[in-house]
Amino acid sequence: MAITAKLAEIEQCDALIKAKDQDLAEKVKEGEGAKDLLKADILKRKELFGEKTVDDEEVRSLKKLKESEQVKEKAAGSLLEIKQQLATNATRINDLGKEIHTRQTLLENDEKGFNVQLRKAGFTDEENFIACKIPTDQRTKLETDQNLIQTRKTQLNARKTDKEKSLVIETAKKLSEESLDVLSVKHDESKITLDELLKEIGALTQKLETNREAKVRGAAMAVRIKKQTGIFDRWASLSSLIGSSDGKKYRNFAQGLTLEIMVSFANQQLVKLSDRYLLLRDKEEPLELNVIDNYQAGEIRSTKNLSGGESFIVSLALALGLSRMSSRNVRVDSLFLDEGFGTLDENTLETALSTLAGLKQDGKMIGVISHVGAMKERINTRITVQPIREGRSQLTGPGCLHIKSVS
């Protein structure tokens with residue numbers, strides 16, 4: 001009966017393998033169909049892109065800009081709601097402070113009660129109580145050992161009872177009335193039967209091994225299909241993310257990557273100028289910039305809300321970041337700054353000038369156009385523009401031989 005069941009099981013496995021092979025063929029066919037659909041979609045995308053005009057795209061961009069402004073207004077409303085939530089949180093913090101004070105009082109009362117219980121139990125103080133305690137790991141080990149010993153004792157008692165019962169039952173039995181010679185003949189016959197069964201089991205084992213190898217080959221094919229499916233899904237995902245008939249998604253994606261790199265370089269410069277702000281790309285408009293205000297608990301603000309001095313610091317950081325990013329392909333040795341220093345306070349001005357001095361030490365030529373008096377004290381090499389008369393001015397300084405120019 002056991003051999004018949006094994007044969008039936010083998011036939012079921014063969015049927016399952018055939019079903020899996022058929023399913024595999026269907027999956028391969030579906031994959032080929034998906035590739036054809038992808039090729040057709042690519043051709044359709046090229047046809048659609050060829051019909052677009054610049055004027056139409058400009059109209060669409062203006063429409064998108066208007067929608068972005070509407071989103072900005074909604075964001076302002078959300079900012080107001082967040083501020084209201086902050087006020088609510090402040091009230092909550094105050095309430096929690098009161099609750100902490102109440103719980104502190106309860107804790108003190110509990111400690112007094114604990115000391116009373118210690119004295120009742122015969123301990124002088126808490127240190128005496130702790131000194132008398134068994135370490136937690138030792139107490140845990142003793143409890144574990146006790147449980148194991150109790151469990152082992154129960155198991156041994158149960159086995160003893162079972163063995164005693166079996167002994168009584170087997171003693172009462174008469175296993176055979178036949179002679180030893182007859183039992184020897186039957187033993188030899190059983191041995192022959194056993195050998196035949198072992199041969200049949202060997203044949204079945206070989207069939208099972210063949211079936212296992214077929215399953216391994218099927219699994220390897222499934223892995224290949226899964227790998228190809230993953231490649232197809234990756235390209236399909238890439239198409240859905242940056243593919244569009246007008247190419248706008250890809251342009252925004254590529255420009256966003258460039259902007260991300262520039263923001264990274266700019267933040268490296270910004271931390272040298274100010275510990276208050278960090279630049280961040282807008283989540284809704286990836287090509288717009290916001291700032292993280294560390295003085296306002298990390299609040300995210302629009303760069304349009306910055307003051308004149310703050311805008312100058314951010315602009316300077318962006319210019320320096322753009323200079324570093326561009327210098328990877330083209331060496332940029334000169335940087336000219338036109339005004340903006342008059343909007344800075346004394347500390348910020350000092351930081352900005354120190355940063356520019358550091359660039360000069362790196363071999364950069366920094367040109368500053370400014371009317372701020374403090375700039376004269378910090379910059380040794382200067383070209384002064386002095387108004388004279390009739391709308392003319394006179395240049396004095398290194399390389400200037402009383403050059404006059406119209407102001």
Side-chain angles (χ1 to χ4, degrees), residues 61-111 241 249 252-253 255-322 325 340-355:
S61 298
L62 292 174
K63 182 179 179 181
K64 191 67 177 179
L65 178 61
K66 184 176 179 181
E67 293 175 354
S68 299
E69 292 176 350
Q70 294 175 354
V71 171
K72 177 186 174 184
E73 293 177 358
K74 291 181 180 179
S78 299
L79 178 61
L80 179 60
E81 293 178 358
I82 292 172
K83 290 182 177 179
Q84 293 174 351
Q85 184 64 36
L86 287 175
T88 303
N89 290 340
T91 303
R92 177 61 177 164
I93 291 172
N94 185 43
D95 294 338
L96 290 175
K98 294 179 180 178
E99 185 177 355
I100 289 172
H101 178 72
T102 302
R103 290 179 180 247
Q104 184 66 31
T105 303
L106 293 174
L107 178 61
E108 293 174 357
N109 294 333
D110 290 340
E111 288 180 349
L241 289 173
K249 273 190 176 181
N252 289 344
F253 174 77
Q255 292 171 359
L257 292 177
T258 303
L259 182 60
E260 187 73 29
I261 296 173
M262 187 182 75
V263 167
S264 175
F265 282 117
N267 280 332
Q268 296 176 16
Q269 301 297 327
L270 188 56
V271 294
K272 300 177 183 177
L273 299 170
S274 172
D275 62 345
R276 179 171 182 175
Y277 297 111
L278 282 176
L279 290 170
L280 179 71
R281 289 174 60 193
D282 191 288
K283 293 182 178 180
E284 299 294 333
E285 292 295 329
L287 300 183
E288 296 290 337
L289 291 178
N290 292 330
V291 293
I292 301 176
D293 193 341
N294 294 322
Y295 287 6
Q296 299 293 331
E299 180 182 357
I300 298 177
R301 299 169 47 191
S302 172
T303 54
K304 298 178 182 178
N305 297 331
L306 297 177
S307 64
E310 294 169 337
S311 298
F312 175 78
I313 291 298
V314 172
S315 299
L316 178 59
L318 285 170
L320 296 176
L322 181 61
M325 184 175 69
F341 293 90
T343 59
L344 304 180
D345 57 50
E346 183 176 356
N347 293 333
T348 307
L349 177 61
E350 182 70 18
T351 302
L353 291 177
S354 298
T355 302

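These figures come from a predicted structure and were not determined experimentally.
To the nearest 0.5 Å, the span separating CD on Gln104 from CD on Glu108 amounts to 5.0 Å. Atom CG of Leu86 and atom CD of Gln296 lie 9.5 Å apart (nearest 0.5 Å). To the nearest 0.5 Å, atom OG1 of residue Thr105 and atom CG of residue Asp110 are 11.0 Å apart. Separation of atoms CD (Glu260) and CG (Leu279) is listed at 11.0 Å; rounding is to 0.5 Å. Taken to the nearest 0.5 Å, the CD1 atom of Ile93 stands 11.0 Å off from the OG1 atom of Thr88.
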Would you mind writing out the side-chain donor-acceptor pairs for residues 286-295 within the sub-3.5 Å range, not counting sequence neighbours?
{"from": "Asn290", "atom 1": "ND2", "to": "Asp282", "atom 2": "OD2", "distance (Å)": "2.8"}
{"from": "Asp293", "atom 1": "OD1", "to": "Arg276", "atom 2": "NE", "distance (Å)": "2.8"}
{"from": "Asp293", "atom 1": "OD1", "to": "Tyr295", "atom 2": "N", "distance (Å)": "3.0"}
{"from": "Asp293", "atom 1": "OD2", "to": "Arg276", "atom 2": "NE", "distance (Å)": "3.4"}
{"from": "Asp293", "atom 1": "OD2", "to": "Arg276", "atom 2": "NH2", "distance (Å)": "3.0"}
{"from": "Asp293", "atom 1": "OD2", "to": "Arg301", "atom 2": "NH1", "distance (Å)": "2.9"}
{"from": "Asn294", "atom 1": "ND2", "to": "Asp275", "atom 2": "O", "distance (Å)": "3.4"}
{"from": "Asn294", "atom 1": "ND2", "to": "Arg276", "atom 2": "O", "distance (Å)": "3.2"}
{"from": "Tyr295", "atom 1": "OH", "to": "Asp275", "atom 2": "OD1", "distance (Å)": "2.7"}

Could you go through residues 66-84 and list every donor-acceptor pair under 3.5 Å that involves a side-chain atom there, pairing it with any protein atom two or more places apart or in another chain?
{"from": "Ser68", "atom 1": "OG", "to": "Lys64", "atom 2": "O", "distance (Å)": "2.9"}
{"from": "Ser68", "atom 1": "OG", "to": "Glu285", "atom 2": "OE2", "distance (Å)": "2.8"}
{"from": "Ser78", "atom 1": "OG", "to": "Lys74", "atom 2": "O", "distance (Å)": "3.1"}

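Between Leu280 and Asn267 the shortest side-chain heavy-atom distance does not fall below 4.5 Å.
For Asn89, the side chain to side chain donor-acceptor pair (under 3.5 Å) test picks out Gln85, with sequence neighbours left out.
A pairwise comparison of heavy atoms in Val271 and Leu278 identifies CG1-CD2, 3.8 Å as the closest pair.
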